[in-house]
Amino acid sequence: MQKTLLTIKYILKSCATLLLLSSVLNVHAQPTPSAPIRAVKCGRLLDVRTGRVSANGVVLVQGTKILQAGANVTIPAGAEVIDLGNALVLPGLIDAHTHLLQNYQPELGGDDNNMLVTVTTMSTARRALLGAAMGREDLEAGITTVRDLGNSGQNGDVALRDAINKGQVVGPRIVASTRALSAAGGQFGELTPEAQALVAQEYVAISGVEEARRAVRQALYDGADCIKVIVNTDPRVVSLAELQVIVEEAHRVGKTVAAHAIGDEATRMAAQAGVNSIEHAYTIPDDVLKMMKARNIFLVPTDYPAEFYLAAFQAPASATPEQRQGYERGARAFAASNNQRLARAVKAGVRIAAGSDEYYQLPGKTRGQASLMMFRAYAAAGMKPLDIIRAATLNGAELLGLKDKIGALEPGLAADLIAVDGDPLADITALEIVRFVMKGGQVIKQEPAAK
Ligand SMILES: [Zn+2]
(Lines give C-alpha, C1' and ligand atoms only; values in the text may rest on other atoms or scores of the structure.)
Protein backbone atom coordinates (compact mmCIF):
# COMPACT_ATOMS: atom_id res chain seq x y z
CA MET A 1 0.00 0.00 0.00
CA GLN A 2 2.77 2.33 1.09
CA LYS A 3 4.70 1.47 -2.02
CA THR A 4 1.67 2.07 -4.21
CA LEU A 5 1.20 5.50 -2.66
CA LEU A 6 4.84 6.33 -3.27
CA THR A 7 4.52 5.20 -6.89
CA ILE A 8 1.40 7.31 -7.32
CA LYS A 9 3.19 10.31 -5.82
CA TYR A 10 6.08 9.76 -8.20
CA ILE A 11 3.75 9.49 -11.19
CA LEU A 12 1.90 12.65 -10.14
CA LYS A 13 5.16 14.49 -9.78
CA SER A 14 6.34 13.22 -13.15
CA CYS A 15 3.05 14.29 -14.66
CA ALA A 16 3.53 17.79 -13.30
CA THR A 17 7.01 17.86 -14.80
CA LEU A 18 5.69 16.53 -18.10
CA LEU A 19 2.93 19.13 -18.11
CA LEU A 20 5.46 21.86 -17.54
CA LEU A 21 7.71 20.44 -20.23
CA SER A 22 4.90 20.09 -22.74
CA SER A 23 3.81 23.67 -22.17
CA VAL A 24 7.35 24.82 -22.82
CA LEU A 25 7.53 22.61 -25.92
CA ASN A 26 4.16 23.94 -27.13
CA VAL A 27 5.59 27.42 -27.29
CA HIS A 28 8.12 26.12 -29.78
CA ALA A 29 5.45 24.13 -31.64
CA GLN A 30 3.67 27.36 -32.68
CA PRO A 31 4.15 28.26 -36.35
CA THR A 32 7.35 30.22 -36.66
CA PRO A 33 8.06 32.84 -39.31
CA SER A 34 10.29 30.32 -41.04
CA ALA A 35 7.55 27.65 -41.44
CA PRO A 36 6.80 27.10 -45.15
CA ILE A 37 4.03 29.21 -46.63
CA ARG A 38 1.35 27.76 -48.89
CA ALA A 39 -0.91 29.83 -51.11
CA VAL A 40 -4.46 28.77 -51.90
CA LYS A 41 -5.51 30.57 -55.10
CA CYS A 42 -9.15 30.87 -56.08
CA GLY A 43 -11.26 32.70 -58.61
CA ARG A 44 -13.64 33.89 -55.91
CA LEU A 45 -13.01 34.52 -52.22
CA LEU A 46 -15.92 35.16 -49.84
CA ASP A 47 -15.49 37.46 -46.84
CA VAL A 48 -18.30 36.18 -44.60
CA ARG A 49 -18.18 39.31 -42.45
CA THR A 50 -18.83 41.82 -45.25
CA GLY A 51 -20.44 39.48 -47.75
CA ARG A 52 -18.02 40.69 -50.41
CA VAL A 53 -16.70 38.28 -53.02
CA SER A 54 -13.23 39.19 -54.33
CA ALA A 55 -12.01 38.01 -57.68
CA ASN A 56 -8.65 36.25 -57.80
CA GLY A 57 -8.35 35.67 -54.07
CA VAL A 58 -5.40 34.23 -52.24
CA VAL A 59 -5.25 32.65 -48.78
CA LEU A 60 -1.73 32.35 -47.43
CA VAL A 61 -1.37 29.53 -44.93
CA GLN A 62 1.55 29.08 -42.59
CA GLY A 63 1.56 25.95 -40.48
CA THR A 64 -1.95 25.52 -39.10
CA LYS A 65 -3.03 29.15 -39.45
CA ILE A 66 -4.02 31.80 -41.94
CA LEU A 67 -1.32 34.37 -42.55
CA GLN A 68 -3.24 36.59 -44.95
CA ALA A 69 -6.38 36.43 -47.07
CA GLY A 70 -7.73 38.71 -49.76
CA ALA A 71 -7.57 39.87 -53.35
CA ASN A 72 -4.37 41.85 -53.22
CA VAL A 73 -2.17 39.33 -51.53
CA THR A 74 1.26 38.74 -53.02
CA ILE A 75 2.35 35.12 -53.15
CA PRO A 76 5.86 34.92 -51.73
CA ALA A 77 8.51 33.41 -53.96
CA GLY A 78 8.93 29.70 -53.32
CA ALA A 79 5.49 29.25 -51.74
CA GLU A 80 3.66 26.06 -52.62
CA VAL A 81 0.58 27.00 -54.64
CA ILE A 82 -2.76 25.18 -54.51
CA ASP A 83 -4.72 26.51 -57.48
CA LEU A 84 -8.47 25.97 -57.14
CA GLY A 85 -9.34 27.60 -60.46
CA ASN A 86 -12.60 29.53 -60.40
CA ALA A 87 -13.85 27.96 -57.16
CA LEU A 88 -15.42 30.03 -54.38
CA VAL A 89 -13.46 29.73 -51.16
CA LEU A 90 -15.07 30.30 -47.77
CA PRO A 91 -14.39 29.30 -44.15
CA GLY A 92 -14.91 25.68 -43.08
CA LEU A 93 -18.47 25.08 -41.90
CA ILE A 94 -19.46 24.71 -38.25
CA ASP A 95 -22.27 22.36 -37.19
CA ALA A 96 -23.37 23.40 -33.71
CA HIS A 97 -25.48 20.30 -33.02
CA THR A 98 -24.18 16.85 -33.91
CA HIS A 99 -24.36 13.31 -32.53
CA LEU A 100 -21.37 11.66 -34.18
CA LEU A 101 -21.49 8.58 -31.93
CA GLN A 102 -25.02 7.71 -32.97
CA ASN A 103 -26.18 6.38 -36.33
CA TYR A 104 -29.75 5.22 -36.12
CA GLN A 105 -31.32 2.85 -38.60
CA PRO A 106 -34.86 3.85 -39.63
CA GLU A 107 -35.83 0.18 -40.04
CA LEU A 108 -35.43 -0.34 -36.29
CA GLY A 109 -38.42 1.93 -35.78
CA GLY A 110 -37.87 5.28 -34.11
CA ASP A 111 -35.68 6.80 -31.45
CA ASP A 112 -36.74 4.59 -28.52
CA ASN A 113 -35.88 1.32 -30.27
CA ASN A 114 -32.67 2.66 -31.74
CA MET A 115 -31.47 4.03 -28.41
CA LEU A 116 -32.06 0.67 -26.74
CA VAL A 117 -30.22 -1.26 -29.43
CA THR A 118 -27.34 1.20 -29.31
CA VAL A 119 -26.80 1.15 -25.55
CA THR A 120 -27.26 -2.59 -25.23
CA THR A 121 -25.14 -3.71 -28.18
CA MET A 122 -22.46 -1.06 -28.63
CA SER A 123 -19.71 -0.33 -26.14
CA THR A 124 -18.53 3.26 -25.83
CA ALA A 125 -15.31 2.16 -27.55
CA ARG A 126 -17.30 0.83 -30.51
CA ARG A 127 -19.29 4.06 -30.63
CA ALA A 128 -16.15 6.19 -30.60
CA LEU A 129 -15.02 4.30 -33.72
CA LEU A 130 -18.43 4.90 -35.29
CA GLY A 131 -17.94 8.57 -34.38
CA ALA A 132 -14.60 8.55 -36.18
CA ALA A 133 -16.34 7.38 -39.36
CA MET A 134 -19.18 9.90 -39.01
CA GLY A 135 -16.70 12.68 -38.21
CA ARG A 136 -14.68 11.90 -41.32
CA GLU A 137 -17.86 12.07 -43.41
CA ASP A 138 -18.67 15.46 -41.90
CA LEU A 139 -15.17 16.75 -42.54
CA GLU A 140 -15.11 15.60 -46.16
CA ALA A 141 -18.44 17.37 -46.70
CA GLY A 142 -16.88 20.64 -45.53
CA ILE A 143 -17.83 20.62 -41.82
CA THR A 144 -14.53 21.37 -40.13
CA THR A 145 -15.88 21.92 -36.60
CA VAL A 146 -18.78 20.39 -34.68
CA ARG A 147 -20.32 20.81 -31.27
CA ASP A 148 -21.26 17.25 -30.34
CA LEU A 149 -24.21 17.27 -27.95
CA GLY A 150 -24.42 13.94 -26.16
CA ASN A 151 -25.60 10.42 -26.91
CA SER A 152 -22.00 9.32 -27.05
CA GLY A 153 -21.94 6.73 -24.27
CA GLN A 154 -19.75 7.59 -21.32
CA ASN A 155 -17.32 10.24 -22.61
CA GLY A 156 -16.87 8.64 -26.02
CA ASP A 157 -17.02 12.13 -27.53
CA VAL A 158 -14.08 13.25 -25.38
CA ALA A 159 -12.03 10.23 -26.50
CA LEU A 160 -12.76 10.98 -30.16
CA ARG A 161 -12.04 14.71 -29.73
CA ASP A 162 -8.68 14.00 -28.11
CA ALA A 163 -7.68 11.40 -30.71
CA ILE A 164 -8.48 13.91 -33.49
CA ASN A 165 -6.55 16.67 -31.72
CA LYS A 166 -3.55 14.37 -31.43
CA GLY A 167 -3.71 13.55 -35.14
CA GLN A 168 -4.46 9.86 -34.50
CA VAL A 169 -7.81 10.12 -36.27
CA VAL A 170 -8.80 12.44 -39.13
CA GLY A 171 -11.95 14.32 -38.19
CA PRO A 172 -13.51 17.68 -37.46
CA ARG A 173 -12.54 19.85 -34.51
CA ILE A 174 -14.94 18.72 -31.74
CA VAL A 175 -16.48 20.72 -28.92
CA ALA A 176 -17.74 17.93 -26.66
CA SER A 177 -20.50 17.93 -24.05
CA THR A 178 -20.15 14.45 -22.50
CA ARG A 179 -23.47 13.00 -21.27
CA ALA A 180 -26.51 15.28 -21.36
CA LEU A 181 -28.10 16.27 -18.05
CA SER A 182 -31.80 15.50 -17.82
CA ALA A 183 -34.74 14.68 -15.62
CA ALA A 184 -35.29 11.00 -14.72
CA GLY A 185 -35.06 8.64 -17.67
CA GLY A 186 -33.15 10.91 -20.03
CA GLN A 187 -34.79 10.65 -23.44
CA PHE A 188 -35.57 6.95 -23.10
CA GLY A 189 -39.08 5.65 -23.56
CA GLU A 190 -40.71 3.37 -21.02
CA LEU A 191 -38.22 1.05 -19.30
CA THR A 192 -38.72 -1.62 -16.68
CA PRO A 193 -37.21 -0.82 -13.26
CA GLU A 194 -34.45 -3.37 -14.02
CA ALA A 195 -33.63 -1.76 -17.36
CA GLN A 196 -33.50 1.80 -16.00
CA ALA A 197 -29.83 1.35 -15.13
CA LEU A 198 -29.22 1.77 -18.87
CA VAL A 199 -30.16 5.45 -18.63
CA ALA A 200 -26.81 6.31 -17.04
CA GLN A 201 -25.07 5.07 -20.19
CA GLU A 202 -26.45 8.07 -22.08
CA TYR A 203 -27.66 10.68 -19.57
CA VAL A 204 -26.99 12.03 -16.11
CA ALA A 205 -30.39 12.21 -14.42
CA ILE A 206 -30.59 15.08 -11.93
CA SER A 207 -33.13 15.89 -9.26
CA GLY A 208 -32.50 19.00 -7.21
CA VAL A 209 -29.99 21.83 -7.47
CA GLU A 210 -27.16 20.02 -5.72
CA GLU A 211 -27.41 17.09 -8.12
CA ALA A 212 -27.41 19.58 -10.98
CA ARG A 213 -24.29 21.25 -9.59
CA ARG A 214 -22.57 17.92 -9.06
CA ALA A 215 -23.44 16.78 -12.60
CA VAL A 216 -21.84 19.87 -14.16
CA ARG A 217 -18.71 19.49 -12.07
CA GLN A 218 -18.50 15.82 -13.04
CA ALA A 219 -18.93 16.70 -16.72
CA LEU A 220 -16.09 19.20 -16.46
CA TYR A 221 -13.92 16.57 -14.80
CA ASP A 222 -14.86 14.14 -17.59
CA GLY A 223 -13.55 16.64 -20.14
CA ALA A 224 -16.66 18.52 -21.29
CA ASP A 225 -16.13 21.71 -23.32
CA CYS A 226 -19.79 22.65 -22.90
CA ILE A 227 -22.86 21.37 -21.06
CA LYS A 228 -25.96 19.92 -22.67
CA VAL A 229 -29.21 19.81 -20.77
CA ILE A 230 -32.49 18.23 -21.82
CA VAL A 231 -35.00 20.69 -20.40
CA ASN A 232 -38.06 18.66 -21.30
CA THR A 233 -39.08 15.24 -22.56
CA ASP A 234 -42.79 15.31 -22.06
CA PRO A 235 -43.95 15.05 -19.26
CA ARG A 236 -40.54 15.06 -17.55
CA VAL A 237 -38.91 18.42 -17.06
CA VAL A 238 -36.05 19.95 -15.09
CA SER A 239 -36.75 23.01 -12.94
CA LEU A 240 -35.73 26.63 -13.38
CA ALA A 241 -33.66 26.44 -10.19
CA GLU A 242 -31.77 23.43 -11.57
CA LEU A 243 -31.17 25.18 -14.88
CA GLN A 244 -29.88 28.29 -13.10
CA VAL A 245 -27.37 26.24 -11.15
CA ILE A 246 -26.23 24.44 -14.31
CA VAL A 247 -25.62 27.79 -16.01
CA GLU A 248 -23.91 29.21 -12.91
CA GLU A 249 -21.50 26.26 -12.62
CA ALA A 250 -20.70 26.18 -16.35
CA HIS A 251 -20.24 29.94 -16.72
CA ARG A 252 -18.04 30.07 -13.64
CA VAL A 253 -15.37 28.27 -15.65
CA GLY A 254 -16.12 29.86 -19.01
CA LYS A 255 -18.12 26.96 -20.46
CA THR A 256 -21.41 27.32 -22.30
CA VAL A 257 -24.78 25.60 -21.91
CA ALA A 258 -26.90 24.17 -24.73
CA ALA A 259 -30.51 23.52 -23.80
CA HIS A 260 -32.77 21.11 -25.64
CA ALA A 261 -36.17 22.73 -25.18
CA ILE A 262 -39.52 22.62 -26.96
CA GLY A 263 -42.66 24.57 -26.10
CA ASP A 264 -43.61 27.64 -24.08
CA GLU A 265 -42.53 26.65 -20.59
CA ALA A 266 -39.31 24.79 -21.43
CA THR A 267 -37.95 27.45 -23.79
CA ARG A 268 -38.94 30.21 -21.35
CA MET A 269 -37.12 28.52 -18.45
CA ALA A 270 -34.02 28.01 -20.59
CA ALA A 271 -33.99 31.67 -21.61
CA GLN A 272 -34.63 32.85 -18.06
CA ALA A 273 -31.76 30.72 -16.80
CA GLY A 274 -29.47 32.37 -19.37
CA VAL A 275 -28.32 29.35 -21.36
CA ASN A 276 -26.17 30.10 -24.43
CA SER A 277 -28.29 28.32 -26.99
CA ILE A 278 -31.74 26.82 -27.23
CA GLU A 279 -31.82 23.72 -29.43
CA HIS A 280 -34.80 22.73 -31.60
CA ALA A 281 -37.51 24.99 -30.08
CA TYR A 282 -39.96 23.60 -32.63
CA THR A 283 -42.57 25.62 -30.80
CA ILE A 284 -41.58 28.79 -28.97
CA PRO A 285 -43.60 31.83 -27.91
CA ASP A 286 -42.85 35.45 -28.91
CA ASP A 287 -41.94 36.58 -25.39
CA VAL A 288 -39.18 33.95 -25.28
CA LEU A 289 -37.82 35.04 -28.68
CA LYS A 290 -37.69 38.59 -27.30
CA MET A 291 -35.78 37.40 -24.24
CA MET A 292 -33.37 35.44 -26.43
CA LYS A 293 -32.54 38.53 -28.46
CA ALA A 294 -32.07 40.64 -25.33
CA ARG A 295 -29.76 38.06 -23.74
CA ASN A 296 -27.91 37.09 -26.94
CA ILE A 297 -29.11 33.47 -26.73
CA PHE A 298 -28.67 31.62 -30.01
CA LEU A 299 -31.36 29.51 -31.60
CA VAL A 300 -30.03 26.27 -33.10
CA PRO A 301 -32.98 25.28 -35.29
CA THR A 302 -32.08 21.63 -36.27
CA ASP A 303 -34.54 21.86 -39.18
CA TYR A 304 -34.73 19.97 -42.46
CA PRO A 305 -36.87 20.16 -45.56
CA ALA A 306 -39.74 17.68 -45.79
CA GLU A 307 -37.81 15.54 -48.31
CA PHE A 308 -35.22 14.81 -45.64
CA TYR A 309 -37.83 13.52 -43.20
CA LEU A 310 -39.50 11.48 -45.93
CA ALA A 311 -36.19 9.88 -46.94
CA ALA A 312 -35.00 9.24 -43.38
CA PHE A 313 -38.26 8.04 -41.92
CA GLN A 314 -39.98 6.11 -44.67
CA ALA A 315 -43.41 4.70 -44.01
CA PRO A 316 -43.25 0.99 -43.11
CA ALA A 317 -43.69 -1.46 -46.00
CA SER A 318 -47.01 -2.56 -44.52
CA ALA A 319 -48.49 0.98 -44.65
CA THR A 320 -51.65 1.45 -46.70
CA PRO A 321 -51.79 4.18 -49.39
CA GLU A 322 -53.87 6.29 -47.02
CA GLN A 323 -51.33 5.84 -44.24
CA ARG A 324 -48.55 6.83 -46.65
CA GLN A 325 -50.39 9.98 -47.60
CA GLY A 326 -50.92 10.81 -43.96
CA TYR A 327 -47.25 10.23 -43.33
CA GLU A 328 -46.23 12.59 -46.10
CA ARG A 329 -48.70 15.23 -44.98
CA GLY A 330 -47.24 15.00 -41.46
CA ALA A 331 -43.67 15.52 -42.70
CA ARG A 332 -44.68 18.51 -44.82
CA ALA A 333 -46.69 20.05 -42.00
CA PHE A 334 -43.75 19.66 -39.59
CA ALA A 335 -41.31 21.29 -42.05
CA ALA A 336 -43.75 24.12 -42.77
CA SER A 337 -44.33 24.77 -39.09
CA ASN A 338 -40.56 24.84 -38.46
CA ASN A 339 -40.10 27.32 -41.32
CA GLN A 340 -42.62 29.63 -39.73
CA ARG A 341 -41.02 29.60 -36.31
CA LEU A 342 -37.53 30.14 -37.80
CA ALA A 343 -38.87 33.10 -39.78
CA ARG A 344 -40.40 34.47 -36.55
CA ALA A 345 -37.08 34.05 -34.72
CA VAL A 346 -35.11 35.82 -37.46
CA LYS A 347 -37.68 38.63 -37.54
CA ALA A 348 -37.41 38.96 -33.77
CA GLY A 349 -33.65 39.47 -34.15
CA VAL A 350 -32.61 36.16 -32.57
CA ARG A 351 -29.24 35.00 -33.82
CA ILE A 352 -29.11 31.64 -35.55
CA ALA A 353 -26.34 29.04 -35.37
CA ALA A 354 -26.63 26.17 -37.83
CA GLY A 355 -27.14 22.75 -36.26
CA SER A 356 -27.98 19.52 -38.07
CA ASP A 357 -28.95 17.16 -35.23
CA GLU A 358 -28.27 14.47 -37.87
CA TYR A 359 -28.26 10.99 -36.36
CA TYR A 360 -30.15 8.83 -38.85
CA GLN A 361 -28.68 6.95 -41.80
CA LEU A 362 -30.05 8.72 -44.85
CA PRO A 363 -30.04 6.49 -47.98
CA GLY A 364 -27.47 7.57 -50.57
CA LYS A 365 -25.88 10.30 -48.46
CA THR A 366 -22.90 10.45 -46.16
CA ARG A 367 -23.44 11.90 -42.68
CA GLY A 368 -21.97 15.22 -43.82
CA GLN A 369 -23.96 15.40 -47.04
CA ALA A 370 -27.20 14.70 -45.16
CA SER A 371 -26.33 17.31 -42.53
CA LEU A 372 -25.88 20.06 -45.11
CA MET A 373 -29.49 19.60 -46.24
CA MET A 374 -30.39 21.70 -43.18
CA PHE A 375 -29.51 24.81 -45.22
CA ARG A 376 -32.44 24.12 -47.55
CA ALA A 377 -34.81 24.46 -44.62
CA TYR A 378 -33.22 27.74 -43.55
CA ALA A 379 -33.61 29.07 -47.10
CA ALA A 380 -37.24 27.93 -47.18
CA ALA A 381 -37.80 29.93 -43.99
CA GLY A 382 -36.62 33.04 -45.81
CA MET A 383 -33.04 33.29 -44.57
CA LYS A 384 -30.74 34.89 -47.15
CA PRO A 385 -27.85 32.71 -48.36
CA LEU A 386 -25.22 34.99 -46.77
CA ASP A 387 -27.04 34.80 -43.43
CA ILE A 388 -27.18 31.01 -43.70
CA ILE A 389 -23.43 30.93 -44.35
CA ARG A 390 -22.88 33.22 -41.37
CA ALA A 391 -25.02 30.91 -39.20
CA ALA A 392 -22.59 28.10 -40.12
CA THR A 393 -19.39 30.15 -39.73
CA LEU A 394 -19.26 33.39 -37.69
CA ASN A 395 -22.25 32.60 -35.47
CA GLY A 396 -21.23 29.00 -34.87
CA ALA A 397 -17.74 30.12 -33.90
CA GLU A 398 -19.12 32.64 -31.43
CA LEU A 399 -21.55 30.15 -29.86
CA LEU A 400 -18.78 27.57 -29.51
CA GLY A 401 -16.54 30.12 -27.81
CA LEU A 402 -14.08 29.87 -30.71
CA LYS A 403 -14.49 33.19 -32.50
CA ASP A 404 -10.81 33.98 -32.02
CA LYS A 405 -9.87 30.67 -33.63
CA ILE A 406 -12.29 29.80 -36.45
CA GLY A 407 -15.27 31.05 -38.46
CA ALA A 408 -13.62 33.47 -40.90
CA LEU A 409 -10.67 33.70 -43.28
CA GLU A 410 -8.58 36.18 -41.35
CA PRO A 411 -4.94 36.37 -40.20
CA GLY A 412 -4.26 34.32 -37.09
CA LEU A 413 -7.33 32.09 -37.38
CA ALA A 414 -7.08 28.37 -38.09
CA ALA A 415 -6.63 27.55 -41.77
CA ASP A 416 -10.06 25.89 -42.08
CA LEU A 417 -11.32 26.51 -45.59
CA ILE A 418 -13.53 24.92 -48.17
CA ALA A 419 -14.20 25.48 -51.86
CA VAL A 420 -17.26 25.00 -54.04
CA ASP A 421 -17.70 25.36 -57.79
CA GLY A 422 -21.22 26.77 -57.64
CA ASP A 423 -22.51 30.04 -56.21
CA PRO A 424 -24.01 29.46 -52.74
CA LEU A 425 -24.92 33.17 -52.56
CA ALA A 426 -27.42 32.53 -55.36
CA ASP A 427 -28.36 28.94 -54.46
CA ILE A 428 -27.47 27.65 -51.01
CA THR A 429 -27.49 24.01 -52.19
CA ALA A 430 -24.14 24.77 -53.90
CA LEU A 431 -22.68 24.23 -50.41
CA GLU A 432 -23.70 20.58 -50.62
CA ILE A 433 -20.96 19.91 -53.19
CA VAL A 434 -17.64 20.82 -51.59
CA ARG A 435 -14.60 19.85 -53.62
CA PHE A 436 -11.78 21.13 -51.45
CA VAL A 437 -11.41 20.95 -47.68
CA MET A 438 -8.51 22.18 -45.56
CA LYS A 439 -8.59 21.86 -41.78
CA GLY A 440 -5.91 23.48 -39.67
CA GLY A 441 -3.66 23.76 -42.72
CA GLN A 442 -4.04 20.08 -43.62
CA VAL A 443 -5.58 19.29 -47.01
CA ILE A 444 -8.37 16.78 -46.36
CA LYS A 445 -9.93 16.66 -49.80
CA GLN A 446 -9.01 18.09 -53.19
CA GLU A 447 -11.05 17.19 -56.25
CA PRO A 448 -10.75 18.63 -59.76
CA ALA A 449 -13.24 21.28 -60.85
CA ALA A 450 -16.50 20.01 -62.28
CA LYS A 451 -16.58 20.17 -66.10
ZN1 LIG B 1 -29.80 16.42 -30.73
Side-chain angles (χ1 to χ4, degrees), residues 94-106 110-115 118-119 127 130-131 134-135 138 143 145-153 156-157 160-161 172 174-183 185-189 199 201-204 219 224-234 236-238 246 256-263 266-267 270 275-284 297-304 308-309 312-313 334 338 341-342 352-362 367-368 370-374 377-378 391-392 396 399-400:
I94 301 167
D95 186 342
H97 190 129
T98 65
H99 297 287
L100 295 181
L101 281 71
Q102 225 180 3
N103 196 32
Y104 284 178
Q105 311 298 317
D111 286 1
D112 287 354
N113 290 358
N114 270 282
M115 197 176 290
T118 302
V119 299
R127 293 177 70 177
L130 165 71
M134 297 295 102
D138 267 10
I143 299 166
T145 301
V146 306
R147 184 177 62 159
D148 204 66
L149 293 179
N151 297 107
S152 36
D157 51 352
L160 179 60
R161 174 197 69 192
I174 294 181
V175 170
S177 70
T178 70
R179 286 175 298 172
L181 281 48
S182 69
Q187 292 175 295
F188 279 87
V199 173
Q201 182 72 19
E202 290 291 276
Y203 302 92
V204 180
D225 301 302
C226 65
I227 301 297
K228 164 87 178 287
V229 56
I230 310 293
V231 178
N232 62 332
T233 302
D234 209 26
R236 296 160 276 162
V237 65
V238 299
I246 289 166
T256 53
V257 177
H260 161 119
I262 295 155
T267 55
V275 301
N276 300 86
S277 63
I278 298 183
E279 314 295 307
H280 318 300
Y282 297 123
T283 57
I284 183 167
I297 297 170
F298 283 89
L299 171 66
V300 180
T302 67
D303 296 353
Y304 283 103
F308 177 97
Y309 299 120
F313 310 106
F334 183 53
N338 292 342
R341 80 90 173 66
L342 180 52
I352 309 298
S356 70
D357 195 24
E358 189 1 14
Y359 59 94
Y360 270 88
Q361 185 66 59
L362 198 71
R367 171 63 67 93
S371 298
L372 297 182
M373 287 176 72
M374 64 180 153
Y378 301 171
L399 173 59
L400 271 55

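Count residues from 1 along the sequence. First listed ligand is number 1; within each ligand, the first listed atom is number 1. Fair warning: this is a prediction, and the values are worked out from it, not measured in the lab.
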Suppose we screen for side-chain hydrogen bond (donor to acceptor under 3.5 Å, both in side chains). Which residues come up paired with His260, at least two apart in sequence or across chains?
His280
Residues at least two apart in sequence or cross-chain that pass side-chain hydrogen bond (donor to acceptor under 3.5 Å, both in side chains) with Gln105, listed by chain then number, are none
In total, how many protein N/O/S atoms does one find closer than 2.8 Å to the Zn ion (ligand 1)?
3
Report the residue from Asn338, Asp303, Thr302 that forms a side-chain hydrogen bond (donor to acceptor under 3.5 Å, both in side chains) with Tyr282.
Thr302
Quick one: which of Thr283, Ile278, Asn232 gives a side chain to side chain contact (heavy atoms under 4.5 Å, CB included) with Thr267?
Ile278
Could you tell me which residues satisfy ring-ring contact (aromatic ring centres under 6.0 Å, His included) with Tyr304, sequence neighbours excluded, listed by chain and number?
Phe308
Test Tyr359 against every option in Asn114, Asp111, Leu101, Thr118 by the side chain to side chain contact (heavy atoms under 4.5 Å, CB included) rule and name the one that passes.
Asp111
